[in-house]
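Quick notes on the structure that follows.
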Amino acid sequence: MNQYQNLSLTSQSFGTIRNKGVWHNNLTNRGIPAWILALLLTAFYVMIYFFPAALGYHESGNTGLIALFDPLSQWIKQKPATQWFVYGVLYTLAILIMGFKFIRKYKKSSYQRIRTFSVMFFQLCFAFIVPELLERLQQPSMDLKNMWPLNYYFFFDWNLDKLLHSGSLGLFMLFWGIALIVIISPILTYFFGKRWYCSWVCGCGALAETVGDPFRHLSDKSIKAWKAERWIVHSVLVLVVIMTAMVIYTYITGRSQILFLNSYSMREWYGFYIGAIFSGVIGVGFYPLMGSRVWCRFGCPMAAILGIQQKFFSRFRITTNGGQCISCGQCSNACEMGIDVRQYAEKGQNIVRASCVGCGLCAEVCPRGVLKLENGSVDLMQRV
Amino acid sequence: MYVYMGQLRWKDIVPYEQDFWKKNRIDLIQDEVIGIEDHKKEIVTALGKSIRYDKLIIATGSKSNTLNLPGESASNVCSLYSSQDLEAITAISSNIGKAVIIGGGLIGVELAEMFRSRNISVTMLVRENGFMDFIFPKEESDLISEQIRSHGVDLRLSTEVQRLNASGSNLITSVTTTSGENIPCDFVGMTIGVSPNISWLKNTMVETNIGVRIDDFLQTNLPDIYAIGDCAELRTTKPGRNAIEPIWYTGRMMGETVAHTLTGQPTHYNPGTWFNSAKFFDLEYQVYGDIQPNLPAHQDSVFCINPKNKRSLRINYLKSGSVIGFNLLGTRFRQAVCEKWIREQTSIEHVLENLELAVFDPEFSTHDCEQLRVAYAEKIGVKLFAKSKPNYNLVHRFLNNAIISKK
């Protein structure tokens, strides 16, 4: 990579983002190093989820990697580390370190800086510090930004019991969790599009935007992939709704068998295939091969809900600046969600797509100032 | 350029996916056309094929200009126009430590940026006294020069080439300028503009001058034969416009126009208000309307430069008041808003008061609209205040005439 001089270091001028050499570097063009990294990441996820003992997690006393985190865990919550604690620490560290790298790279753009500080803040405070401290205080711990249906176990019996039997804090959390789904999220999505969550708040989005940034161009831009995306992501949404409805039904009535489905095996099935394999092993493990938003694009039921609202009832869109597009293809290349932005830009059409997470990179990399993320209600009725 | 720099792959920059041609029932034939038999309505190719047509559109683009100096055919002298040029430059890049680029235009700057991205040292020889001073007012020209130099390019203004010096192996090893200076190099970029690629029409009945001569319907002197894009030369031009405009946007607009005509709606070519854009390394450029490098007597200009962010804003207007042009470096403005102001001959003061409507920079960016009003106050003595915000709803209403623009 030495052949690519980082021009922005030698220049003090106002400028835009450079991704020189991403298609020449074997780590970012699906070369052998990318496959090795994907294999390592996948293996790590498989161990975390299914073989924590291999990483040194033992209830009788940790060894290996997990044991290294015992002192930190003791200090924070006076308990030995678990594989999930280790995962949380590494996940947060990765977002913070790569977040600073991202901010350095995109330092000329206020939107990118502020957005990245936001995901770093929510990961560090909401996803890590607050839940761990609550655990130390023996209170019900909860990531207050992790919303159903991304947080698919919010309505599981053990979680509801925990919240219902932990006094006013638990009740507040229950109320907050439901308010997020039915009040806060629809309002914010109406005003700002799904980006308020997906690229400003969400933990999966945080990892994708920071650690995944070097791989964003690998997303598949073909029509075929778009078709697959709509089928898969909406299927997951249907699944999570059915699964949750069954779980609540069981919680209320005590009956777990509904027709041919069993709510316990259903939720186990969902947790294993969607929660662990899809969002974890494939979602992150395949960063170097399929880009950074595989889970967000093809799997996340939260993204599916927000996307439907974004498409039909949100002020957000990406506007195109008249006839200024030169069809260079940088916008499509930068889109981590696999949207072929150029197809819209060269026709002068606004971009209203369910999958757009509003990261703003298409607008940043455009060499002709053609794209802008905007909110406006004046033409809302034309969407429905 | 982006392919060379590894930002995109070749397949990312081709305009259509592979299946586009078949899906739209277009036969894509790769061959060279060597003649037109217009009385038989046929074209003849180098492979000996005859292809019949009902309507023919000539869109053969440009070819790179040359200086006609001895040594220009050496393998390390190249322009940057075609995919073949790109391949040639890519192939020899590892042998280039130092490149000389002749010509100070957009292609020259692209080539410089490509080489600088691989740490190849670049000397740019530019005939004009200011960079692109045939288009840019001095302030903008200086800002661009500074931008180019800040990226490590040795930019030599007022410098012309006298001689290319070859070694024994028929490679150019140095360039001698008219002032007698000898600049050693491993590569010479010949980027001194383009001209219509029409020499293949020499033995046909199609009338040519510098380009293929076309009327307002983009039709040549022969029925059912049209010409568009870089290779075309309009017989009559609109005020302030050129007969040949070899840029992307006019090519695209001509294509759209001729498509209307061919599908049964004969349509005049009307390119509307002039606009263009470019990028000089990190510095984006947009222009809307009429911006002369030297201000004519009946025009006036308000200008501000932001030295910290290295960007500038300029609005030119008639002394009688109406705005005629926007020139922007490092700032993005909304084309439709600027066009509407120009088209409706809006007064400069009204435009300055509502300038925020035009802002198109990403959210949370700063802009220099207020500085431009300050510049206007210093110049004219009238302090104006912002009356609009860069808000999509306001812009939408403005463009749909819900906000009446003052004449």
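The chains referred to below are lettered A, B, ... by the order of the sequence lines, with proteins before strands, and numbering in each begins at 1.
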Bottom line for A/Thr28: the part with an atom under 4.5 Å from chain B's heavy atoms is neither
To the nearest 0.5 Å, atom CG of A/Asn19 lies from atom CG of B/Leu8 at 9.5 Å
dist B/Met114:CE -> A/Lys20:NZ (nearest 0.5 Å) comes out at 10.5 Å
Looking only at A/Arg342, A/Arg113, A/His217, most heavy-atom pairs under 4.5 Å shared with chain B are made by A/Arg342
Greatest number of non-hydrogen atom pairs under 4.5 angstrom with chain B, of A/Ile223, A/Asn29, A/Asn375, falls to A/Asn375
The reported gap from CG in A/Asn321 to CZ in B/Phe275 (rounded to nearest 0.5 angstrom) is 9.5 Å
Cut-off 4.5 Å, heavy atoms of chain B, and the answer for A/Leu373 is both
Could you tell me whether the side chain of B/Gln286 and the main chain of A/Arg368 form a donor-acceptor pair under 3.5 Å? yes
Only residue of A/Cys328, A/Cys325, A/Ser327 satisfying side chain to side chain contact (heavy atoms under 4.5 Å, CB included) with B/Trp248 is A/Ser327
For this session: Applying side-chain contact (heavy atoms from CB on, under 4.5 Å), run through A/Trp23 and B/Asp12 and close with a yes or a no.
Result: CA-CA 11 Å; A/Trp23 285 110; B/Asp12 299 321; 3.9 Å; yes
Q.
I'd like to know if the side chain of B/Gln335 and the backbone of A/Gly323 have a donor-acceptor N/O pair within less than 3.5 Å.
A. yes
- Message: B/Phe364 vs A/Arg115, test: side-chain contact (heavy atoms from CB on, under 4.5 Å). Steps then yes/no.
- Response: CA-CA 11 Å; B/Phe364 306 122; A/Arg115 185 172 71 79; over 6 Å; no
Under a 4.5 Å heavy-atom criterion, the part of residues 188-200 of chain A in contact with chain B comprises A/Arg195, A/Trp200
Is a donor from one side chain sitting under 3.5 angstrom from an acceptor on the other, for B/Tyr392 and A/Arg317? yes
Can you check whether A/Ile326 reaches B/Tyr249 side chain to side chain, under 4.5 Å on heavy atoms?
yes
Rounding to 0.5 Å, atoms OG1 (A/Thr319) and CZ (B/Arg334) come to a distance of 5.0 Å
- Query: Would you find a donor on one side and an acceptor on the other, under 3.5 Å apart, between the side chain of B/Asn393 and the backbone of A/Val378?
  - Reply: yes
Residue from B/Ser365, B/Ala278, B/Ala336, B/Pro362 scoring the most non-hydrogen pairs under 4.5 Å with chain A is B/Ala278
